[in-house]
K.L.:
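Right, I'll just put the structure down here and ask away after.
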4 protein chains.
Amino acid sequence: MSDKQESIKQAAIALFAKRGFDGTTVPLVAEEASVGAGTIYRYFENKEVLLNVIMQGEMLRLEQSFKENFPYDRSIREQFSHLFIGLIRFSQENFESIMLINSHTTSRHLSDQTKCDYTSLLTFLSTIVEAGREQEVIDRDLPIEAIVAITFGAVVELAKCFNGGELTLTEDLLETLDEKLWRAIST
Amino acid sequence: MSDKQESIKQAAIALFAKRGFDGTTVPLVAEEASVGAGTIYRYFENKEVLLNVIMQGEMLRLEQSFKENFPYDRSIREQFSHLFIGLIRFSQENFESIMLINSHTTSRHLSDQTKCDYTSLLTFLSTIVEAGREQEVIDRDLPIEAIVAITFGAVVELAKCFNGGELTLTEDLLETLDEKLWRAIST
Amino acid sequence: MSDKQESIKQAAIALFAKRGFDGTTVPLVAEEASVGAGTIYRYFENKEVLLNVIMQGEMLRLEQSFKENFPYDRSIREQFSHLFIGLIRFSQENFESIMLINSHTTSRHLSDQTKCDYTSLLTFLSTIVEAGREQEVIDRDLPIEAIVAITFGAVVELAKCFNGGELTLTEDLLETLDEKLWRAIST
Amino acid sequence: MSDKQESIKQAAIALFAKRGFDGTTVPLVAEEASVGAGTIYRYFENKEVLLNVIMQGEMLRLEQSFKENFPYDRSIREQFSHLFIGLIRFSQENFESIMLINSHTTSRHLSDQTKCDYTSLLTFLSTIVEAGREQEVIDRDLPIEAIVAITFGAVVELAKCFNGGELTLTEDLLETLDEKLWRAIST
DNA sequence: TATGAATGAGGATTCATTCAT
DNA sequence: CATGAATGAATCCTCATTCAT
């Protein structure tokens, strides 16, 4: 992948995350990426396509971070920790990605493919939750969607705190959060 | 307050919530409010002022809903339920308000006053949490900001599920959620 | 019809005729029409629609000038004169219209409707020619299309000469041209 | 002359004829010519120079086709046939050249030299007409410019018909057209 | 007071031209 | 020589805002 294409994508991720798609101008992306405005159109058909490409890319990266070293043969509790801690860590290192994904999942600019990719990301999480419910370690009173919503919603807001400096992520806090969120969903 | 001013505000709340401030045009607000575009400028100096006015108004409404019948003389557990269940109910009846507040709290279009109002809303919640920590019913291992983030983040994502139809709010579910989220923050 | 809409159309006719559609910028039309550039989009969806509207309008005016006082009950020779002299006169008074029509009939920017309108204009002429052929006053050796082409082509080039000042239209010349062109197509 | 230069010119002739100078992009010419866009600037200073070069070249080719085997020592009638039939044949084999010349003679992109070349092409024709008038075989009532306009205008429109398939050129039709157009200008 | 036509600054996108490879 | 990636000026079009009615 070209150097310029990559820097355009990074600039777009940062700017779309911070200002939103509609609040970000193409020349602004160009400046942030240190390329000419016209160059963006050499790599992306238009601004909307750029959004979809980076959304798909970042969701894929998130999914890969979930799946990397996933403890398929360990307990649901450990699987939850893998996902939760992985998500917190991911959002520390890729704050803009998480903000981008969270704030644009309902964007009217998303293509069907991008929406589909998002669904498949959720499906992966649902599968784990479902397994936990069958083992009766995750509470059946809570619908799957609620479990994902609580966890993901909490992480996003926590990430904002970490990024804004209101909160500092320590290993202790990470452990506490993992424990607390598990309490919120377990039987 | 004039009838037209009110319908402009309602239209703006709905549209800013759904499409974001930058994705919403003034003529679109005018059409949704069934007024002429020029009329909006009779009541609001400009689009940015309109955002700030409705943000302040909706945050005030939320704060009032928190404070209304607040059980100051009951247990922290009951106070939490009042806030949590109140927030869920508020977001059921005022989905757009919650989305508006959640998605625009970091907007670059907010005035200092609006940011200040947001802070004061958080301060109120922090006060309750602080009291809980002093009574040792809320876990000291969790920073106040983390507790607010977890709760608010969870509610926002849950509200999206309720609104999107993926989840239906029953009294039972509400009770379960209240219980679960309390488990996430209590000692 | 609004004053501004009309002046936009007049400006566009003049400019599209002189510089061609692609060589004419919207701000140039706006300046020529003494309106703001944005105003053009209040009346015409886009530049292409503007072209189609004026093409249809000018072709209609030409057709009406053909049909006005058309001597249906006179000889083909007189009918030819009516059309030929009418066309020359029309192109004197509406030089830009004729240039617009002539230079944009094969434009890739024309809508199906506009192409259709052009065809119907030709159909009217063909009908007259056909009648002349049946009366054996117009030469059968010449296909209808050739007759229309010769006459229309000649008029367009003559109009350029009149407009450029290389030729001056007198009543005598008009009569001569009518006589000569008739000789070119009659038996 | 380089192979590439020639294919650039051929591509430009075809595209400028079909889409007009302003409607033709340099990359489009490059693609049609199967060369890189930058290569065009190796042979032509800029797009405008390219237009002028091909205009001059095609007008020269037309002039040469007029002058080749020109029957200087035959009758004006035969000279007219040579020119008229030559022009029709030229426009059959070089439709794009004729369209290019016809549609760009008044272009604002032409250099003085190109305009001058066009004038000299007309001058050659005028000379013949003038001779015909002196011999009183061409009608003095018709100004020279009118004669050229009628003939050239007719040929251009006829060429469009032949090219569009509405008319098919046969030897008979060619003879008829020659005869008819001569009738239009002769005494 | 209410309107919506009018405006022009600003944003998305294209394309003539350059230049490093 | 040839290329095509890169550029930014210029183009089409939108929309926040104004103002005459």
Side-chain angles (χ1 to χ4, degrees), chain A residues 2-5 7-8 21-31 33-50, chain B residues 2-5 8 21-31 33-51 109, chain C residues 2-5 8 21-31 33-50, chain D residues 2-5 8 21-31 33-51:
Chain A
S2 148
D3 191 23
K4 283 181 190 282
Q5 181 172 26
S7 68
I8 291 166
F21 178 80
D22 293 309
T24 303
T25 68
V26 172
L28 197 56
V29 175
E31 194 189 18
S34 305
V35 301
T39 305
I40 290 176
Y41 291 87
R42 178 160 287 284
Y43 293 102
F44 305 95
E45 203 181 324
N46 56 45
K47 193 184 165 189
E48 213 160 83
V49 166
L50 173 57
Chain B
S2 148
D3 190 26
K4 283 180 192 286
Q5 181 172 27
I8 291 166
F21 178 79
D22 293 307
T24 303
T25 68
V26 172
L28 195 55
V29 175
E31 194 190 19
S34 305
V35 300
T39 306
I40 290 177
Y41 289 86
R42 202 153 263 297
Y43 293 102
F44 306 95
E45 199 182 327
N46 56 43
K47 192 184 166 189
E48 213 158 82
V49 165
L50 172 58
L51 173 67
H109 304 287
Chain C
S2 146
D3 191 24
K4 284 182 189 283
Q5 182 172 26
I8 290 166
F21 179 80
D22 294 308
T24 304
T25 68
V26 172
L28 197 55
V29 175
E31 194 188 17
S34 306
V35 301
T39 304
I40 290 176
Y41 292 89
R42 178 160 285 285
Y43 294 102
F44 305 96
E45 203 181 324
N46 55 43
K47 192 185 164 189
E48 213 160 82
V49 166
L50 173 57
Chain D
S2 148
D3 190 25
K4 283 180 190 287
Q5 181 172 26
I8 291 165
F21 178 80
D22 294 306
T24 303
T25 69
V26 172
L28 195 57
V29 175
E31 193 189 19
S34 306
V35 300
T39 305
I40 290 176
Y41 290 85
R42 200 151 265 298
Y43 294 101
F44 305 96
E45 202 183 324
N46 57 42
K47 192 185 168 190
E48 212 159 83
V49 165
L50 172 58
L51 172 67

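All figures in this text were calculated on a predicted structure; none of them were measured in a lab. Chain naming here is simple, since letters A, B, ... match the order of the sequence lines and numbering starts at 1 in each.
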K.L.:
Please identify each residue that fulfils side chain to side chain donor-acceptor pair (under 3.5 Å) with D/Y41, with sequence neighbours left out.
P.N.:
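For D/Y41, no residue satisfies side chain to side chain donor-acceptor pair (under 3.5 Å) once neighbours in sequence are set aside.
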K.L.:
Mind checking if C/V26 touches a base, just sugar-phosphate, or nothing, with heavy atoms under 4.0 Å?
P.N.:
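Sugar-phosphate only.
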K.L.:
Atom CG of A/N46 to atom P of E/dT14: distance rounded to whole Å?
P.N.:
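Distance, rounded to whole Å: 8 Å.
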K.L.:
Who are the side-chain contact (heavy atoms from CB on, under 4.5 Å) partners of C/S34, not counting sequence neighbours?
P.N.:
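With neighbours one apart ignored, the set is empty.
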K.L.:
Starting at CD of B/E31 and ending at P of F/dC15, how long is that distance when rounded to a whole Å?
P.N.:
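The distance from CD of B/E31 to P of F/dC15 comes to 13 Å, rounded to the nearest Å.
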K.L.:
Only counting residues at least two apart or in another chain, list the ones meeting side-chain contact (heavy atoms from CB on, under 4.5 Å) with D/A33.
P.N.:
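Expected list: D/S7, D/I8, D/A11, D/V35.
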K.L.:
Among the candidates F/dT17, E/dA16, F/dC12, find the nucleotide nearest to the side-chain atoms of B/Y41.
P.N.:
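Nearest to the side chain of B/Y41 among the choices is F/dT17.
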K.L.:
Hey, what do you get for CG (D/L50) to CD (D/Q5), rounding to the nearest 0.5 Å?
P.N.:
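With rounding to 0.5 Å, CG (D/L50) is 9.5 Å from CD (D/Q5).
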K.L.:
Tell me: CG of A/L50 to P of E/dG11, nearest whole Å?
P.N.:
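Interatomic distance, CG of A/L50 to P of E/dG11: 17 Å.
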K.L.:
Take the protein atom CD1 of C/I8 and the nucleotide atom C1' of F/dC13, then report the distance between them rounded to whole Å.
P.N.:
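These atoms are roughly 14 Å apart.
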K.L.:
Hey, could you give me the CG/CZ distance between D/L51 and D/F44, rounded to the nearest 0.5 Å?
P.N.:
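Going from CG on D/L51 over to CZ on D/F44, the span is 11.0 Å.
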K.L.:
In whole angstroms, how far is the P atom of E/dG4 from the CG atom of B/L28?
P.N.:
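Result: 15 Å.
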K.L.:
For C/D22 and B/E45, find the nucleotide of DNA chain F closest to each by heavy atoms; which residue's nucleotide sits nearer the 5' end?
P.N.:
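The residue whose closest nucleotide sits nearer the 5' end is C/D22.
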K.L.:
If I take atom CZ in residue B/F44 and atom P in nucleotide F/dT18, what distance separates them, rounded to the nearest angstrom?
P.N.:
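Going from B/F44 (CZ) to F/dT18 (P), I get 15 Å.
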K.L.:
Taking Watson-Crick (N1-N3 plus N6-O4 or O6-N4) and G-U wobble (N1-O2, O6-N3), each under 3.5 Å, can you produce the dot-bracket string of DNA chain E? Use [ ] for crossing pairs and | for inter-strand ones.
P.N.:
.||||||||||||||||||||
K.L.:
N/O contacts under 3.5 Å, protein versus nucleotides 5-7 of chain E?
P.N.:
from: E/dA5; atom 1: OP2; to: C/R42; atom 2: NH1; distance (Å): 2.6
from: E/dA6; atom 1: OP1; to: C/Y43; atom 2: OH; distance (Å): 3.4
from: E/dA6; atom 1: OP2; to: C/Y43; atom 2: OH; distance (Å): 2.3
from: E/dT7; atom 1: OP2; to: C/G36; atom 2: N; distance (Å): 2.8
from: E/dT7; atom 1: OP2; to: C/T39; atom 2: OG1; distance (Å): 2.4

K.L.:
Restricting to side chain to side chain donor-acceptor pair (under 3.5 Å), what partner residues turn up for D/E31, sequence neighbours left out?
P.N.:
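Expected list: none.
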K.L.:
Within the side chain of A/K47, is there an N or O that forms a donor-acceptor pair under 3.5 Å with the backbone of A/T24?
P.N.:
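Pair found, side chain donor or acceptor close to backbone of A/T24.
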K.L.:
Would you kindly give the CD-to-P distance between B/Q5 and E/dA2, to the nearest whole Å?
P.N.:
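To the nearest whole Å, that distance equals 10 Å.
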K.L.:
Within this structure, what is the CG-to-P distance between D/L51 and E/dA16, rounded to whole angstrom?
P.N.:
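Value for this atom pair: 13 Å.
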